[in-house]
Amino acid sequence: MPAVCRKARLEDVEPLYQMIQGYAEQGIMLPRSRNVLEKQIEEFVVAEWDGMVIGCGSLCQLGNDLVEIRSLGISEGYKGKGIGSMLVDSLMTEAKRREIPKVMALTYEVSFFIKNGFSIVKKEIFPEKVWTDCIYCKKQHACDEIAVLKLLD
Ligand SMILES: CC(C)(COP(=O)(O)OP(=O)(O)OC[C@H]1O[C@@H](n2cnc3c(N)ncnc32)[C@H](O)[C@@H]1OP(=O)(O)O)[C@@H](O)C(=O)NCCC(=O)NCCS
């Protein structure tokens, strides 16, 4: 059964919440409340397998020329099947549609992003706005995530 990637809908809030919460508890994603997910549902894409949400990702606009990929995750048991890359492709297409040339992420999954055409960059090159969410992160004073960037043509 192949995975299908589509824009998220309000009925996806609960599975999105559960997936993000699971990764947030492991310290590899920032938590998102159901309320925030409802408000930002337009920014999310999901991957479905046999009618079940098994992956997600979102875009957060940080300026006229920069978006961040956030909340990108695949359920255990569905990793390594190209579904994460499919979600990244779909988010890149959306960034292109919005004519935003730079897509960045803060991540521990550097090899995955490099395979998807991103490069490692210094965190300092990004504007203040990138760091506003960090107040919700337990590691805000000792951030060990790596910044990656892809320029769209
Ligand atoms: C990172 C993540 C989204 C990747 O999704 P995925 O569906 O497993 O990735 P894909 O199958 O599309 O992998 C694409 C390529 O990256 C490689 N890759 C994926 N995860 C990797 C990892 N942890 N280390 C090294 N390579 C990795 C795959 O081997 C594959 O390479 P190939 O094309 O040569 O076979 C998924 O592992 C995940 O949910 N991780 C936990 C949450 C997380 O850290 N998200 C990132 C937050 S920014």
Side-chain angles (χ1 to χ4, degrees), residues 1-8 12-34 36-37 40-63 66-96 98 100-127 129-140 142-152:
M1 171 73 63
V4 178
C5 178
R6 62 164 173 81
K7 286 197 75 108
D12 300 318
V13 165
E14 191 57 31
L16 281 173
Y17 174 77
Q18 296 298 342
M19 185 163 342
I20 295 169
Q21 192 60 25
Y23 280 122
E25 279 162 18
Q26 295 170 47
I28 50 182
M29 247 184 229
L30 284 177
R32 304 275 172 228
S33 67
R34 291 180 178 91
V36 162
L37 288 171
Q40 298 180 351
I41 199 74
E42 292 283 319
E43 302 301 317
F44 277 81
V45 287
V46 296
E48 231 181 44
W49 187 288
D50 207 8
M52 217 168 59
V53 172
I54 49 91
C56 63
S58 72
L59 282 186
C60 176
Q61 188 142 356
L62 297 167
L66 182 66
V67 276
E68 180 181 355
I69 291 184
R70 286 188 179 170
S71 309
L72 178 73
I74 302 295
S75 296
E76 295 304 338
Y78 295 89
K79 290 180 181 172
K81 298 178 188 293
I83 304 171
S85 300
M86 193 170 82
L87 288 174
V88 168
D89 281 352
S90 152
L91 294 169
M92 299 306 279
T93 303
E94 178 60 17
K96 245 183 219 167
R98 296 185 195 178
I100 298 168
K102 296 188 214 163
V103 181
M104 62 86 67
L106 289 166
T107 190
Y108 297 112
E109 296 283 6
V110 178
S111 317
F112 166 78
F113 278 97
I114 287 178
K115 291 230 163 152
N116 281 284
F118 286 72
S119 308
I120 297 176
V121 289
K122 285 190 176 158
K123 290 182 198 162
E124 294 73 31
I125 68 169
F126 295 110
K129 236 179 159 183
V130 171
W131 315 112
T132 50
D133 241 25
C134 300
I135 50 168
Y136 304 110
C137 182
K138 288 177 202 144
K139 298 180 193 161
Q140 60 175 300
C143 176
D144 52 356
E145 289 194 309
I146 309 288
V148 292
L149 176 69
K150 184 169 177 177
L151 302 179
L152 292 169

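Every number for a ligand or one of its atoms is a count from 1 in the order of the listing. One-based numbering along the sequence shown.
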Salt-bridge criterion met for Arg70 and Glu145 (N-O under 4.0 Å): no
Glu109 contact mode with ligand 1 (heavy-atom cut-off under 4.0 Å): side chain
Interfacing atoms of ligand 1 (cut-off 4.0 Å, heavy-atom, Lys81): 11 (O)
Spacing of Ile83 atom CD1 and Met86 atom CE [to the nearest 0.5 Å]: 6.0 Å
Short N or O distance, Gly82 and ligand 1, threshold 3.5 Å exclusive: yes
Option of least heavy-atom distance to atom 42 (C) of ligand 1 (set: Thr107, Val148, Leu87, Leu72): Leu72
Sub-4.0 Å heavy-atom approach of Ala105 to ligand 1: no
Flag side-chain contact, heavy atom, 4.5 Å: Val88 against Phe112: yes
Atoms in ligand 1 flagged as close to Leu106, the criterion being non-hydrogen separation under 4.0 Å: 48 (S)
Closest approach of Leu152 to Ile100 (non-hydrogen atoms, all atoms of both residues): CD1-O, 3.3 Å
Check: Ser33 side chain, Val36 main-chain N or O, donor-acceptor pair, under 3.5 Å: yes
Phe112-ligand 1 polar pair, N/O distance under 3.5 Å: no
Option set Gly80, Ser111, Ser85, criterion heavy-atom distance to atom 12 (O) of ligand 1, minimum: Ser85
Minimum non-hydrogen distance to atom 29 (O) of ligand 1, winning option of Lys115, Glu68, Glu76, Glu145: Lys115
Ligand-side contact atoms (ligand 1) for residue partner Gly73, heavy atom cut-off under 4.0 Å: 39 (O)
Sub-3.5 Å N/O-N/O distance, Ile28 and ligand 1: no
Check: Phe44 and Ile20 side chains under 4.5 Å, non-hydrogen atoms: yes
Sub-4.0 Å heavy-atom contact, Val110 with ligand 1: no
Proximity of Ile69 to ligand 1 by residue part, where a heavy atom lies under 4.0 Å: neither
Flag: protein heavy atom within less than 4.0 Å of atom 37 (O) of ligand 1: yes
Tyr108 heavy atom under 4.0 Å from ligand 1: no
Under 3.5 Å: donor-acceptor pair, side chain of Lys81, backbone of Ala3: no
side-chain contact (heavy atoms from CB on, under 4.5 Å) assessment of Leu16 paired with Ile41: CA-CA 10 Å; Leu16 281 173; Ile41 199 74; 3.7 Å; yes
